[in-house]
Novice: 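Pasting in a structure now, in structure tokens, and then I'll have a few things to ask.
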Amino acid sequence: MATPSSDKAFPVSWDQFHRDTRALTWRLSEKGPFKSIVCITRGGLVPAAIIARELEIKVIETVCIASYHSYTGQGELKVLKGIGDVITGTNGGEGVLVVDDLVDTGKTARVVRDMLPKAHFATVYAKPAGRPLVDTYVTEVSQDTWIYFPWDMGFTFQPPIREGANA
């Protein structure tokens, strides 16, 4: 499993993430129509908002599952908030689009698949171990790559080049 200290890093800017999510939306537009979205928090919140806008989906629900208890690796899964009755009464998830930023090992995806077996599962990025659980994705990265999402990164001050040369 990749960790922040992995040799392979894939930093994603806000612009890139928006482009990749729109590319995912184009693929999804041919698969629908979808009546609602269930986003897996927290990573699924941003792509779900973009997809909901582009596909004009008004009903959005969350399922809250903690798997990364630190930024060093996945731990035991814990469902913090289940899916609401409006969605669970949809005949196993028929017409529901499940959205997440990434499928990594597939553990989180499996939990949600068990909740909504007929839902369409989409992620922006997919790693090989979790890819079989996803119906639609945009970019595959190797299992040992750590993706740095834009909401995980901050801007820091960089001294002028000339200032560093005088040090």
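Numbering of residues begins at 1 and proceeds along the displayed sequence.
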Novice: Check the pair Phe17 / Val46 against side-chain contact (heavy atoms from CB on, under 4.5 Å), numbers first and verdict last.
Specialist: CA-CA 9 Å; Phe17 191 76; Val46 175; 3.7 Å; yes
Novice: Please check if any side-chain donor atom of Ser142 sits under 3.5 Å from a side-chain acceptor atom of Lys127, or the reverse.
Specialist: no
Novice: Grab the two heavy atoms, one from Ile65 and one from Val79, that are nearest each other, plus how far apart they are.
Specialist: CG1-CG2, 4.2 Å
Novice: Apply the test side-chain contact (heavy atoms from CB on, under 4.5 Å) to residues Ile87 and Val59: give CA-CA distance (whole Å), side-chain angles for both, the deciding distance (0.1 Å), then the verdict.
Specialist: CA-CA 9 Å; Ile87 305 298; Val59 178; 4.2 Å; yes
Novice: Which heavy atom of His18 sits nearest a heavy atom of Ile50, and at what distance?
Specialist: CD2-CD1, 3.4 Å
Novice: For Thr21, what residues pass the side-chain hydrogen bond (donor to acceptor under 3.5 Å, both in side chains) criterion, not counting sequence neighbours?
Specialist: none
Novice: What are the two closest heavy atoms between Lys107 and Leu77, and how far apart are they?
Specialist: O-CD1, 3.3 Å
Novice: State plainly whether one hydrophobic cluster holds both Leu24 and Val141, where clusters connect Ile, Leu, Val, Met, Phe, Trp and Tyr through side-chain heavy atoms under 4.5 angstrom apart.
Specialist: yes
Novice: Evaluate the ring planes of Trp151 and Phe149, with Trp represented by its six-membered ring, and classify them as parallel (under 30°), tilted (30 to 60°) or perpendicular (over 60°).
Specialist: parallel
Novice: Walk me through whether Ser36 and Leu97 qualify under side-chain contact (heavy atoms from CB on, under 4.5 Å).
Specialist: CA-CA 6 Å; Ser36 58; Leu97 175 61; over 6 Å; no
Novice: By side-chain hydrogen bond (donor to acceptor under 3.5 Å, both in side chains), which residues pair with Glu54, not counting sequence neighbours?
Specialist: Arg22
Novice: Hey, could you give me the CH2/CE distance between Trp14 and Met153, rounded to the nearest 0.5 Å?
Specialist: 9.0 Å
Novice: Can you check whether Glu140's main-chain N or O pairs, donor with acceptor, with Arg131's side chain at less than 3.5 Å?
Specialist: no
Novice: Can you tell me how far CG of Asp152 sits from CH2 of Trp146, rounded to the nearest 0.5 angstrom?
Specialist: 8.0 Å
Novice: Under a 4.5 Å side-chain heavy-atom rule over Ile, Leu, Val, Met, Phe, Trp and Tyr, are Leu116 and Val111 clustered together?
Specialist: yes
Novice: Main chain of Phe121, side chain of Asp135: is a donor-acceptor contact present, judged purely on distance under 3.5 Å?
Specialist: yes
Novice: Can you name the closest pair of heavy atoms from Leu28 and Ala122 and give their distance?
Specialist: CD2-CB, 3.8 Å
Novice: If you compare all heavy atoms of Ala66 against all heavy atoms of Leu80, which two are closest, and at what distance to 0.1 Å?
Specialist: CB-CD1, 3.9 Å
Novice: About how many Å separate NZ of Lys78 and SG of Cys64, when rounded to the nearest 0.5 Å?
Specialist: 12.0 Å
Novice: So which pairs with a foot in residues 90-120 pass ring-ring contact (aromatic ring centres under 6.0 Å, His included), sequence neighbours left out?
Specialist: Phe34-His120
Novice: May I have the step-by-step check of side-chain contact (heavy atoms from CB on, under 4.5 Å) for Ile40 and Val112, ending in yes or no?
Specialist: CA-CA 8 Å; Ile40 300 174; Val112 178; 3.7 Å; yes
Novice: What I want to check is whether the side chains of Tyr125 and Asp20 have a donor and an acceptor closer together than 3.5 Å.
Specialist: yes
Novice: Might you point out which heavy atoms bring Cys39 and Ala48 nearest each other, and give the distance in Å?
Specialist: CB-CB, 3.4 Å
Novice: For Asp114, does the CG atom have more than 12 heavy-atom neighbours from other residues, nucleotides or ligands under 6.0 Å away?
Specialist: yes
Novice: Working to the nearest 0.5 Å, report the span between CG of Leu55 and CD1 of Ile57.
Specialist: 4.5 Å
Novice: Would Lys81 and Thr62 count as a side-chain hydrogen bond (donor to acceptor under 3.5 Å, both in side chains) if you check the C-alpha gap in whole Å, the side-chain angles of each, and the deciding distance to 0.1 Å?
Specialist: CA-CA 8 Å; Lys81 178 196 160 294; Thr62 60; 3.3 Å; yes
Novice: Counting only N and O atoms by type, is there a donor-acceptor contact under 3.5 Å from the side chain of Glu61 to the main-chain atoms of Ile37?
Specialist: no
Novice: So if you build clusters from Ile, Leu, Val, Met, Phe, Trp, Tyr with side-chain heavy-atom gaps below 4.5 Å, do Phe10 and Val138 land together?
Specialist: yes
Novice: Any chance you could measure Thr136, atom OG1, to Glu30, atom CD, to the nearest 0.5 Å?
Specialist: 9.5 Å
Novice: So Val124 and Thr139, do their side chains get closer than 4.5 Å, heavy atoms only?
Specialist: no
Novice: Ignoring hydrogens and geometry, is there a side-chain-to-backbone donor-acceptor pair from Arg113 to Ala119 under 3.5 Å?
Specialist: yes
